Amino acid sequence: MHYTEPIMRPPCEGYSILIEATAGCSHNKCTFCSAYKETCFRIAPMEQIRQDIVEAGRFATFMQTPRYLDATTNYVLSSAGTKHNERVFLLSGDAFAMSFKDLKQIALWIHEYIPSTKVITAFTTVNDIRRKTLEELKELAALGYNDLYVGTETGSPDILAWIKKGHTLQDALEQLHRLENTSIRYSVQYITGLAGSGNGVKNAVESAEFFNQIHPYMIGSSSLTIFPDTELGNAFAHGTFTEASELERIEEMRVLINHIKINTFFSSQHISSMIPVVGLLPNDKERLLSNLDRVIAELKSMKMLPKYERNIV
Ligand code: SF4
């Protein structure tokens, strides 16, 4: 198998077969992200991808059944009707940037050499979706592409511009609505603390308004980590970005959940999150809000330090 560091995949794809389709990220400009700063974006040679799929296929039947699946992984797998060994995740930062022709060829190889595969998935950006026609998206859906991970990060137009995500809110709405015209499910991402201290509530309200206009099967929430080799890291070092405290981030998450009106799965089980918050909305909303209220009361009574030791700055 060929792998280029860094290798990143969603936590709930922890048991999926990882195939290197690309290295790096085709955008690589987000102000908070240092993931692929040292890796130039490139598409892996198609023959190398084919060889890796053949090799993975030889071992797929020997994959061990995990003894424990966390709540988010369990939801993602069961709602897609897949077992842990029936999913292939294409690396890396936005493998869905590949052309329709290449994605189709990869899917054909996967079904030939790993016939148990039911879902082929990847990280994607709004612009990667925009570059494909509706007919191409539908054909990819028929070939097994599903459960795409869309890095939305926020639904605030100001924060979106400030983090240089490369798309506007309108772009995101248009492209996610196009995806909804196919059978491809998608999840979106929200990062608490991204707007900085004092701005989390506004970000949460605006983001909930955005999420309420789309239909992600899951909203995944992580918590901002400030990396020194980023524009955000520089802003933090120069005092132009003030980090949100843990209490602010939990309050922000509460506002977000409270304002979400769509049916979706909410998960903040990411390693960066201070506490796991997982549930189906709207059914579990009251439970999640009252749990968060208890945490908020506890943090206030503890007079907790302004930040949890997450940053590496
Ligand atoms: S699109 Fe994703 S991987 Fe690429 S720079 Fe932005 S956050 Fe990082």
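Only a predicted model underlies this, so the values are computations on that prediction, with no experimental measurement involved. Order of listing sets the numbers, starting from 1, for every ligand and every atom in it.
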**Message:** Which label fits Tyr75 and Tyr217: parallel for a plane angle under 30°, tilted from 30 to 60°, or perpendicular past 60°?
**Reply:**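 Tyr75 and Tyr217: parallel rings.
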**Message:** What protein N/O/S atoms are there under 2.8 Å from atom 4 (Fe) of ligand 1, waters excluded?
**Reply:** Cys25 SG
**Asked** Any donor and acceptor pair, going by atom type alone, linking the side chain of Asn74 with main-chain N or O of Leu69 inside 3.5 Å?
**Response** no
Taking atom [atom1] of [X] as the centre, report whether more than 12 heavy atoms of other residues, nucleotides or ligands fall under 6.0 Å from it.
| X | atom1 | value |
| --- | --- | --- |
| Glu38 | CD | no |
| Lys164 | NZ | no |
| Lys285 | NZ | yes |

**Sub-4.0 Å heavy-atom contact, Lys165 with ligand 1** =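 In this structure, Lys165 qualifies as a contact of ligand 1 - some heavy atom is under 4.0 Å.
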**Message:** Below 4.0 Å, non-hydrogen atoms only: which portion of Phe123 touches ligand 1? Side chain, backbone, both or neither.
**Reply:**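 None of Phe123 does.
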**Message:** Measuring only between side-chain heavy atoms, which start at C-beta, is Leu256 closer than 4.5 Å to Tyr190?
**Reply:**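 Leu256 reaches Tyr190 side chain to side chain.
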**Asked** Do Phe236 and Phe241 make the cut of ring centroids closer than 6.0 angstrom?
**Response** no
